[in-house]
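Here the structure comes first, spelled out in structure tokens, and everything after it is commentary.
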Amino acid sequence: MTRFILTRIASAIPTLILVSIAVFGLLRFIPGDPAALMLGDLAKPGQVEAMRIQMGLDKPVVAQYLIWVGNALTGDFGKSISTGQDVLPLILNAFSVSASIVLLGVLIAALIAVPAGMLAAWRQNSPGDVGVIAVSTILLSIPSFWLGLMLLLVFGLHLGWLPVIGYVPFSQGFWPALVYIVLPVTTLVLSEAGPIARMARASTIEVARLEYITHARAKGLSEPAVMWRHAFKNAFAPTLTLIGFVLGSLLGGIAVIETVFTLPGLGRLLVDAIYARDYPVVQGTMLFVAAIYVVVNLIVDLLYPFLDPRVAA
Amino acid sequence: EEPPKKGGTLNVRLNADIRSTNGIQRDANTDTVMHQIFETLVGYRADLSIGPVLAESWKMSEDGKAYTFTLREGAVYHNGDKVTAADVKWNWERRMNPANEWLFITSFDGTQGLKVEAVEVVDERTVTFKLNAPNALFLPLLAGLQANIWVASPKNVGADGKWIGDSAIGSGPFKLKEWVKGQYIALDRFDGYKPIAEEPSGFAGSREAYVDHVRFTIIPDTSAAEAALFAGEIDILPNFETTRIEEAKSRGVNLVSSQGLSWTAILLQTNDPLLSNPKMRKALAHAVDISQIAAARTNGLAKADPSAVAPATAFYDDSFSSQWPQYDPTKAQALAAEAGYKGEKLKIQTNTRYQGMYENSVLLQAMLTAAGFNAELEVLDWAAQLDNYLAGKFQLQSFGFSARFDPSLMYSTIMGDKKTDPTAQWDSPKAWELYLKSVATDKFEERKAVFKQLHTLMAEEVPMLGLYFEPSVEATSSKVKGYTAWPAENPRTWGVWKSE
Amino acid sequence: MLSVRDLTITVGPSGKRIVDALSFDLAAGDMMALVGESGSGKTMAARAILGLLPQPLVTAPQSRILFKDSDLTRLEPKAMRKVRGAEIGMVFQEPMVSLNPAVTIGEQMAEGLRLHHKLAKVEIRDRSLAMLERIRIKEPAKCLAAYPHEFSGGMRQRIMLASVMLLKPRLLIADEPTTALDTLVQRDVLDLMVELTQANGTAVLLISHDLGMVSHYIPNVVVMSEGKAVESGPSSEVLRAPTHDYTRRLLDALPQRSAGGTRGGDCGKPIVEIRDVVIDYPGRNRLFSRTEAKRAVHGVDLTVRRGETLALVGASGSGKTTLGRAIVGLVKPTSGEISFLGAEGLEPADRHGRHREMQIVFQDPYSSLDPRQRIADIIAEPLKLDKSMSAAERERRVEQVFTEVGLSSDFRRRFPHQLSGGQRQRVAIARAIVGRPAFVVADEPVSALDMTVQKQILLLIRELQARHNFACLFVSHDLGAVEQVADRIAVMQDGRIVEIGERDDVIDRPQHPYTRQLLEAAMLIDRRFAETNPLEQAMAR
Amino acid sequence: MKFNAVFGITVTTLLLVTAIAGPWLVGYDPLKLDLPSRLAGPSARHLLGADEFGRDILSRLVSGARTSAWIAFATVLFALVTGTVFGIAAGFLRGWTDRILMMINDAFLAFPGLLLALGIMAVIGASRDGIVLALGLAYMPIVVRVVRAAVLSIREREYVEASRVMGNSEFITMARHVLPNCVAPIIVLATTMFGWVILSESALSFLGLGVPPPAPSWGSMLSTARPYISQAPHLIILPGLCISITLLGINMLGDAVRDWLDPKL
Ligand SMILES: Nc1ncnc2c1ncn2[C@@H]1O[C@H](COP(=O)(O)OP(=O)(O)OP(=O)(O)O)[C@@H](O)[C@H]1O
Ligand SMILES: Nc1ncnc2c1ncn2[C@@H]1O[C@H](COP(=O)(O)OP(=O)(O)OP(=O)(O)O)[C@@H](O)[C@H]1O
Ligand SMILES: [Mg+2]
Ligand SMILES: [Mg+2]
């Protein structure tokens with residue numbers, strides 16, 4: 001198993017290299033110039049050029065890449081072009097924000113959606129099933145930024161129950177932090193619960209018709225027991241893939257939700273950096289996001305054999 | 001009107017984090033925050049005249065080539081040190097040091113005419129700036145917000161000659177408490193601040209502060225910022241989108257507005273085969289109803305102004321608005337036909353990052369289409385559009401110029417030789433001569449006459465389509481008292497107090 | 001105790017009748033057998049008792065199933081759950097698909113005990129272990145922690161039985177519970193059932209094709225054909241003097257040693273050669289460790305010649321299936337060589353083409369049929385590889401195979417789940433032989449077939465051999481069938497071949513003690529059973 | 001017929017009819033400005049009201065249907081076909097093929113869609129096809145993952161082994177036995193994706209990378225209406241409703257198709 005983990009991590013290295021090259025190349029390929037953005041309409045000819053030299057952007061792209069990789073290997077991801085801050089702490093701070101919301105949100109979404117989807121499948125075509133389908137489909141069709149704004153309007157403005165903006169890290173106390181992330185987490189829960197519930201329902205329907213389920217019933221097990229002990233593990237595998245995917249992509253930043261609720265998360269960091277053509281930040285963040293993605297997938301792969309012993313890890 | 005009272009926290013929205021505290025790496029947000037902490041020698045009043053800030057008075061020499069400033073009595077830094085004339089010199093030299101890459105070096109080294117030849121310390125509170133020639137722009141530049149020519153304590157700089165991290169020891173009414181990157185910048189009132197007697201106006205005059213704390217909260221999303229304002233979580237929302245005014249009023253929010261200085265325009269590439277013909281450009285001008293665009297976009301707060309002279313400045317009168325090809329689609333068609341236009345595609349570059357630029361372009365496209373032009377929008381990422389602006393790679397572009405406090409500064413921005421400076425919109429030797437005339441004197445009437453001539457020329461050549469000056473609208477919660485808008489969009493936190 | 005009246009099962013509320021007015025009674029402590037034609041509705045009748053009919057099938061309203069004074073057809077779901085497992089236990093026909101692949105054996109066994117008997121953990125474990133031991137599972141402690149796919153077909157069948165019997169239900173319904181068991185284990189299992197009836201007064205309803213076993217163990221019998229009970233009564237009487245035509249045919253079909261006897265020598269060349277093959281199953285990955293590997297086959301040498309049937313018999317779990325799968329290339333031997341038609345090893349690359357010559361009938365036909373394909377498509381599939389064959393020819397061949405294996409062409413458009421166990425098995429056989437391969441591995445191909453069909457299939461194999469000279473590795477526990485079809489017999493125990501020889505030599509003059517035990521335990525029904533009382537015989541044992 | 005099939009077919013047909021015949025259905029030009037009616041609510045002049053430039057919402061919705069439907073269908077089709085091919089290839093061939101495909105796939109997945117979209121738009125310019133390509137490439141790796149996972153579990157089944165033993169090539173085995181048995185998750189994913197695509201398109205429009213204005217798409221209508229959310233809620237409710245109903249229909253249709261394909265029902 002340890003070997004498996006090590007090989008998996010080793011096999012992620014080419015992925016990371018691929019990502020870094022693609023990001024590096026694409027960034028320099030798309031129009032837009034960090035120096036120009038910094039100067040805006042105040043720029044005078046020559047000033048942009050001077051700024052580029054100062055930023056080290058005048059060197060050939062390959063040389064820039066090698067310099068960057070070399071520094072990155074020593075843990076130096078450079079400094080942000082627009083704010084001059086070190087990239088790594090910038091990323092880690094932003095990640096802690098995104099991660100606490102995403103983990104909480106996806107966890108709650110899964111805890112609600114997976115049982116709901118499975119229950120719906122179990123009572124296929126019952127009113128409960130129709131209800132779950134309807135709710136999950138409706139949730140699925142609501143844009144999350146819109147949902148977030150609505151929540152903001154209702155709970156933040158009309159009712160005034162919750163703060164509208166800002167973020168307090170958990171290190172500054174549990175309750176204050178909680179108050180600030182209730183709305184973003186709720187938005188995330190609502191927008192992620194739809195697909196998860198549908199996936200759980202579909203795969204449970206597949207499993208529910210298998211012979212061993214009938215056999216479990218023949219043992220006199222109650223329906224919840226049949227479902228929990230026999231259907232769950234088998235039906236959960238595809239859902240786990242989906243959850244893994246959702247986690248992997250969300251941990252890389254929930255730009256929209258972060259923007260609506262003004263959370264200083266990874267997604268916003270990345271989007272802002274892309275718009276500002278803040279190359280070091282984009283590159284560092286991308287590498288980080290790719291690494292997160294690899295780790296989440298590794299965990300999913302490690303969990304898989306527990307759900308389906310026939311699939312050897 | 002209740003009397004000012006002390007205490008409380010004032011929350012101000014910023015749409016992005018600031019860049020640094022050193023006055024060199026800057027943007028509009030950075031300027032806003034730094035001007036609460038630091039003081040320039042002189043500043044703009046709300047009527048855009050120059051008033052005292054750190055310098056309580058100044059004198060121009062007879063030949064107009066020397067300005068002598070007297071520092072405010074009792075001015076001290078946040079660390080208790082006295083502000084001295086030597087510090088002014090030291091700050092100046094730091095800025096002018098090419099290694100520091102200050103953006104405005106060229107404004108003062110003779111490249112653009114003006115040159116500060118020496119800064120001399122007369123005594124502890126008196127300092128003299130010596131110029132190469134009289135220049136009407138010297139004081140306006142010194143007072144400019146973007147140049148950030150404020151006076152900082154030399155202790156902000158370490159032994160290595162570099163600015164220390166987030167250090168911000170200034171002499172303003174607030175001192176930096178905490179800068180949490182990406183989230184907020186917290187300021188505390190500096191109780192050692194001794195204001196001057198002059199009434200506060202714009203960035204000039206007394207900066208006496210009332211609130212105990214100021215917090216600039218970073219909220220990039222406009223809708224979220226509004227929500228925060230309506231929920232009472234922020235007190236001041238600068239740059240309020242004019243189209244949202246009705247909504248805000250209905251929610252009990254106070255709105256203050258004033259004429260603005262940011263000029264919104266449609267750029268025309270005069271090198272373009274089609275647009276190099278002035279007839280064609282005139283045809284376009286006739287096809288666009290700028291007053292309707294201005295009205296729709298600014299909710300009636302701003303009038304159309306095709307000239308570079310802002311209505312907020314004392315130089316403006318109605319002739320700047322009226323002297324321009326009138327809205328007349330028939331005439332537009334006739335002119336276009338004369339120019340040999342045969343339905344070729346006209347591409348308008350725009351972006352959605354700035355709502356104003358976007359909406360202007362949509363309106364423009366609809367009007368041009370209605371007048372029989374084959375106009376098309378090309379929506380770009382702002383960075384890409386800016387690249388094109390800098391390289392002159394566009395046919396039409398919806399654009400906005402940031403605030404320039406003096407008409408000459410705005411004219412100088414749009415003028416130049418397209419061969420060497422692709423950002424120049426108006427490549428006309430005649431116009432350049434007029435511009436030079438406008439800065440050679442600081443007599444008001446003389447300057448105004450020159451501006452009129454400039455505008456007449458512009459209406460003749462139509463190098464671009466000026467639309468209007470974005471009004472400066474700020475929304476404040478009903479608790480905020482004593483807050484007024486002024487042409488610059490940068491909010492002020494002094495002179496403001498909160499009621500219960 | 002159980003009284004079934006007019007049990008009628010239809011496809012949908014008004015469709016075809018699958019079971020037609022079936023009635024019988026079963027008293028406490030009694031054993032009864034349900035025998036009959038494959039597809040006659042035995043399985044469905046049994047499932048109806050527990051209210052577990054698959055989707056479109058429903059019990060007609062006139063049916064009554066009285067169990068301990070309540071009518072099971074009218075019971076509330078909650079009350080029904082109390083009956084299931086605790087009162088009525090059921091062993092399903094297909095053990096391979098009836099165990100949950102994702103749950104350990106221990107957990108699946110413990111479940112019922114925990115639910116119905118509320119026992120402590122230790123107690124549950126002890127009882128499970130004891131039961132596994134009774135049914136001859138080696139290393140029962142390890143077995144509890146293992147997953148179903150790690151077991152052989154027979155082992156899974158025993159585990160199923162164990163988990164049901166563990167609960168000591170009042171009524172035990174066992175649907176073909178011993179098809180995958182060797183004769184020794186089969187005897188143990190049946191003894192266990194008898195013990196259960198005697199100690200607890202459990203009633204047993206056994207569904208079986210094995211008339212030998214029925215005559216040895218079960219006092220009463222109901223014979224079904226086409227959904228109806230055509231005959232019933234004490235087994236001795238019914239089997240001695242069958243009155244119904246179908247019963248008579250059934251008895252006529254009892255396996256006999258084929259006259260052809262040893263054809264082995266004449267058609268010479270080896271088609272499959274196995275040299276010193278060892279097969280290990282790798283262990284399962286745990287988070288930080290790996291369960292140890294398991295050796296299923298320990299160095300086997302074996303040759304199958306053209307045109308012969310080599311029967312592979314042996315203990316359940318001795319590695320027969322594993323060996324068969326290795327021959328067709330589904331399992332890679334750890335060491336040793338397997339050659340087919342003189343060429344070595346079967347890599348996926350060269351499987352194409354040459355592999356058409358080699359087919360397999362899987363031990364578990366259900367899971368080897370694609371649930372989304374119709375029967376005719378499943379059977380026609382191997383023919384599609386032969387590009388020279390026209391669609392019409394293919395059609396004709398499929399039609400022919402349908403009759404050969406005794407399937408009516410009604411089934412052409414059905415899906416696998418709409419068939420009975422025996423019907424599925426025939427589909428699997430049909431698929432294997434439709435392309436006229438040179439060699440077939442048939443893993444328990446007739447275990448789910450009643451005597452008449454079984455006879456038909458066995459004759460078919462012989463006939464095809466005579467006509468096309470194909471070879472067959474015939475894996476079976478049914479020594480009657482083996483006797484009928486085999487040219488040579490190999491006996492396997494614990495992953496080794498312990499005896500191999502001509503059929504008559506092995507059956508009449510067994511050398512190895514294990515072979516002798518197997519043969520002794522065989523409950524071959526022979527013509528003489530009419531004279532002896534099977535019950536007495538059973539008691540005597 | 002079941003409710004979901006009826007509803008699904010009705011909505012999809014309606015969508016297609018609107019998409020095809022849209023311009024003839026509503027006589028009003030979706031691009032025509034009417035500044036006095038700015039942000040007006042429903043009236044006789046504008047049945048569903050007017051937007052921030054006074055353009056008629058109804059005609060914009062109808063003309064947006066075409067754009068949105070085309071983008072969604074094309075993107076889902078693109079992602080589905082490419083993703084299924086790669087997913088099956090990776091899951092079935094395993095070994096090096098799998099490893100290399102997954103490496104590339106992971107790189108794709110980890111790549112921010114925004115950057116990808118920016119890059120593509122830079123090459124082929126902001127256009128409908130560019131959006132389809134960008135979104136298709138962004139969604140393809142998801143399909144690959146889901147399909148691969150389904151294949152990994154199905155390939156262990158005995159009927160797949162049976163097919164190989166039969167002598168079927170790996171390709172035939174995949175096409176005939178593996179693929180049909182993965183349809184359920186694929187259909188669920190496809191219908192879910194339909195929604196994601198419409199929403200992503202709105203996000204792209206919001207960032208200025210969507211359908212080039214002034215041509216409307218539901219997504220861009222939704223995003224540009226955002227500042228007016230409380231002032232003129234119909235601007236955001238109506239396109240949102242169109243999206244939601246369409247998705248509801250597509251999802252139900254998907255469910256119906258899946259049930260119809262399922263032999264066990
Ligand atoms: N879902 C279904 N739809 C239609 N017919 C079905 C369905 N399921 C089973 N049948 C038919 O019902 C009949 C009875 O099936 P059943 O499984 O009870 O047979 P059986 O007596 O157990 O046969 P075997 O001995 O082969 O297991 C068979 O002919 C089968 O084809
Ligand atoms: N996937 C597996 N992992 C581990 N062990 C296995 C696996 N499959 C089979 N075995 C073990 O290999 C041995 C041989 O199994 P095999 O299926 O070949 O037996 P068999 O002779 O066919 O038995 P039966 O007659 O019961 O079908 C058994 O002990 C079984 O537990
Ligand atoms: Mg049966
Ligand atoms: Mg076996």
Side-chain angles (χ1 to χ4, degrees), chain A residues 1-8 118 121-126 203-241 298-313, chain C residues 46-47 49-55 77-78 80-104 107-109 111-116 146-150 160 163-164 166-167 169 173 282-290 366-367 371 417:
Chain A
M1 184 57 50
T2 332
R3 229 197 87 191
F4 170 75
I5 296 179
L6 288 179
T7 37
R8 268 303 304 266
M118 295 181 75
W122 213 249
R123 302 239 174 284
Q124 221 183 326
N125 300 327
S126 70
S203 42
T204 308
I205 286 179
E206 286 284 292
V207 170
R209 306 207 202 100
L210 297 180
E211 194 74 358
Y212 58 78
I213 298 295
T214 321
H215 180 241
R217 288 209 178 102
K219 280 191 203 165
L221 293 186
S222 65
E223 288 297 305
V226 172
M227 192 161 113
W228 177 242
R229 281 213 281 276
H230 292 278
F232 175 71
K233 265 182 142 186
N234 294 286
F236 190 57
T239 316
L240 179 72
T241 314
L298 177 66
I299 294 173
V300 170
D301 285 355
L302 286 179
L303 286 177
Y304 227 89
F306 287 91
L307 295 175
D308 190 347
R310 286 168 301 184
V311 179
Chain C
R47 292 176 72 131
I49 294 174
L50 275 184
L52 291 174
L53 284 175
Q55 254 294 315
K78 202 161 171 224
M80 193 66 181
R81 278 207 294 279
K82 289 235 162 61
V83 173
R84 288 182 193 152
E87 302 279 331
I88 306 180
M90 177 151 179
V91 182
F92 283 78
Q93 186 171 6
E94 263 118 355
M96 302 287 219
V97 289
S98 297
L99 288 172
N100 188 339
V103 179
T104 59
E107 180 53 31
Q108 297 193 53
M109 288 183 74
E111 217 166 41
L113 280 178
R114 205 160 40 215
L115 180 70
H116 298 297
Y147 289 93
H149 72 278
E150 296 171 58
M160 279 282 298
S163 73
V164 174
L166 205 54
L167 299 178
I173 303 173
R284 208 162 7 97
N285 275 321
R286 296 264 180 77
L287 197 47
F288 296 108
S289 63
R290 182 175 252 279
Y366 199 171
S367 41
H417 72 274

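Residue numbers begin at 1 in each chain, while the letters A, B, ... track the order of the sequences. Values in this document were obtained by computation on a predicted structure and should not be read as measured data.
- Proximity to chain A (any heavy atom under 4.5 Å) is restricted, for C:Ile88, to the backbone atoms N, CA, C and O.
- Heavy atoms closer than 4.5 Å to chain A are found nowhere in C:Val83, neither backbone nor side chain.
- Nearest heavy atom pair, residue C:Pro101 against residue A:Tyr212, reads CD-CE2, 3.2 Å.
- Chain A forms the most heavy-atom pairs under 4.5 Å with one residue out of C:Leu50, C:Leu99, C:Val91, and that residue is C:Leu99.
- In this structure, chain A has a heavy atom under 4.5 Å from the side chain of C:Met160, while its backbone stays farther away.
- For the atom pair A:Leu221 CG and C:Arg114 CZ, the distance stands at 9.5 Å (nearest 0.5 Å).
- Donor-acceptor pairing under 3.5 Å is lacking for the side chains of C:Gln108 and A:His215.
- Across C:Phe92 and A:Ala218, no two heavy atoms sit closer than the pair CE1-CB, 3.7 Å.
- Heavy-atom distances place both the backbone and the side chain of C:Leu52 under 4.5 Å from chain A.
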